[in-house]
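The structure appears right after this line, and notes come after that.
Please read all numbers here as calculations on a predicted model, not as lab measurements. The basis for the numbers below is simple: all heavy atoms, side chains too, and nothing from hydrogens, waters or symmetry mates.
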There are 2 protein chains.
Amino acid sequence: MTTTDWLEELRSERSDLGRASTAGRVADVLRTRITEGHLRPGTRLSEEDIGAALGVSRNTLREAFRLLGHERLLVHEFNRGVFVRRLTVDDVRDLYQVRRILECGAVRRLAERRASDSPPAGRTAELLAPVRAAVEEGESAAAQDAWVSVGTANMHFHQAVADLAQSPRVTEVMDHLLAELRLVFHVMDAPQAFHATYLPENRAILELLVAGDLAGAEAAIATYLDAAEAQLVEAYAAAAARG
Amino acid sequence: MTTTDWLEELRSERSDLGRASTAGRVADVLRTRITEGHLRPGTRLSEEDIGAALGVSRNTLREAFRLLGHERLLVHEFNRGVFVRRLTVDDVRDLYQVRRILECGAVRRLAERRASDSPPAGRTAELLAPVRAAVEEGESAAAQDAWVSVGTANMHFHQAVADLAQSPRVTEVMDHLLAELRLVFHVMDAPQAFHATYLPENRAILELLVAGDLAGAEAAIATYLDAAEAQLVEAYAAAAARG
DNA sequence: GAGTGAGGTATTGTTGAACAATCCGTCAAT
DNA sequence: ATTGACGGATTGTTCAACAATACCTCACTC
């Protein structure tokens, strides 16, 4: 426990301190409202109404809107207002396209790093710890029939896979992608069942990773994503057809 | 020229029209000022001064700051102000890590798409047109000793490679990454020579792509990025050493 | 009845000013 | 040399106002 250790700890907490911004907190509130489905896609967010409801000025609310707009949860149409994003089927396809590149790419980079130089075998297990944690989180949630938790655990799993790239920017992009995807899940009749379907696959991918079969893991992720995309696109078309 | 063609043209111009926002235009001005190196990293941007200089109110300027903050060109420190981003060596490494995943991933996805189903051979040439255009743009710029144009052509090349994924989100992320990288290039003594070095490599990668050797192209891009990263990191350390 | 045009209303875009909160440099004190 | 207090400067946030734009309604024409 040297002095620098203390400083490092404090440094990591500094980001939490910075969250004091009002606009940031407003954005947090709206974000959860959106991702949890209380605000349906297409809904228009009136500056005046929401500003009054949350007790913040229009200017501050606008800053919050910008934040969420860049996360693609809101769309800002000039002189018309902001709306909860309504994703098209093409958006869904694109989201999975990027996920294929990112998640598979993360595993691939891991493989290249191991092949070349820097892989103390112990560190691999340490690196996979978040993945394992997410898998177990999902399984135990399913065992308790906590279906919403299964959904978030699934998100954690894929976030953990992307984090294998050990790249802050990949992490951030992935975070935004998953937030967007949450907009989509609400169109499904039974999102719980949808997520539960993939629990065994998560476990299988984890096993491949720990076994060191990175090419196999990459392939498994790819087919995983293809299947999920197909399922979502179908559900999306059905939802669009009936209204 | 059917009716739908007309509509498509108009649709592409709509984005230009939407740029009428004052905050957006202010952001444009600042963005070029930053990426062209007139505003050095670490510079603090005073709300009052810049607002007066550009003739916009503080509130509008703040919206512009948020926009550039999300593009990672500015950092916003609470109660202290906004600063032109100062990238660390770790940032440079991360940027290239993401570029490896994105650019190689785009080529890889192209390969998978060709292997499976949908590749009319004619469309491949059409897809590669922007890549070829960027290569020739760079070569002709070098022939005329227009070194700054060589730099932008190089950006266009890599943007075109990423666009092979045919994913709007990949395009956008890549756009932001390259904007960030522009912040880095200015620390080099001779960025012109740096970019010119890679002109033959761009040509070689293009040839591999048209020849259909996608695995070879992917490998070439990877070694390309490794070399560029090493060169930049070295220059960056040198610049940091001398102050 | 369908489509067109004019006018009114509501909402957003932008500005300017104001006040509180916070940071930064200075200076005195220990 | 470190600490603590003070004061100036900048940011965070709000409010009120006006201009610009979009949407709705309604009369009008064919």
Enumerate donor-acceptor pairs with a distance under 3.5 Å from any side-chain N or O in residues 48-57 of chain B to protein atoms, sequence neighbours excluded.
| unit_1 | atom_1 | unit_2 | atom_2 | d |
| --- | --- | --- | --- | --- |
| B/S57 | OG | B/N59 | N | 3.4 |
| B/S57 | OG | B/T60 | N | 3.4 |
| B/S57 | OG | B/T60 | OG1 | 3.4 |

Taken in chain and number order and not counting sequence neighbours, the residues that satisfy ring-ring contact (aromatic ring centres under 6.0 Å, His included) with B/Y96 are none

B/E63 atom CD is separated from C/dT14 atom P, nearest whole Å, by 7 Å

The correct set of residues in residues 44-60 of chain A placing a heavy atom under 4.0 Å from DNA chain D is A/G55, A/V56, A/S57, A/R58, A/N59, A/T60

Tightest non-hydrogen contact, residues B/L181 and B/L232, listed as CD2-CD1, 4.4 Å

Open item on the list: Side-chain N or O of A/R62 versus OP1/OP2 of C/dT12: is the shortest distance under 4.0 Å?
Closed with: no

(request) Begin from the C-alpha positions of B/R99 and B/H158 and carry the test side-chain hydrogen bond (donor to acceptor under 3.5 Å, both in side chains) through to its verdict. (result) CA-CA 9 Å; B/R99 285 185 63 182; B/H158 289 282; 3.1 Å; yes

Closest to the 5' end of DNA chain D, once B/V82 and A/N79 are matched to their nearest nucleotides, is B/V82

Separation of C/dT15 atom C1' from B/L61 atom CG, nearest Å, is 13 Å

Smallest heavy-atom separation, A/H195 atom then A/G151 atom, equals ND1-CA, 3.6 Å

Between CZ of B/F65 and P of D/dT11 the distance, given in whole Å, is 8 Å

* **Contact under 4.0 Å: A/H76 side-chain N or O vs C/dT12 OP1/OP2** => no

Task: Ionic contact status for B/D28 with B/R25, cut-off 4.0 Å - done: no

* Would you please confirm or rule out a distance under 4.0 Å between OP1 or OP2 of C/dC24 and any side-chain N or O of B/R80? => yes

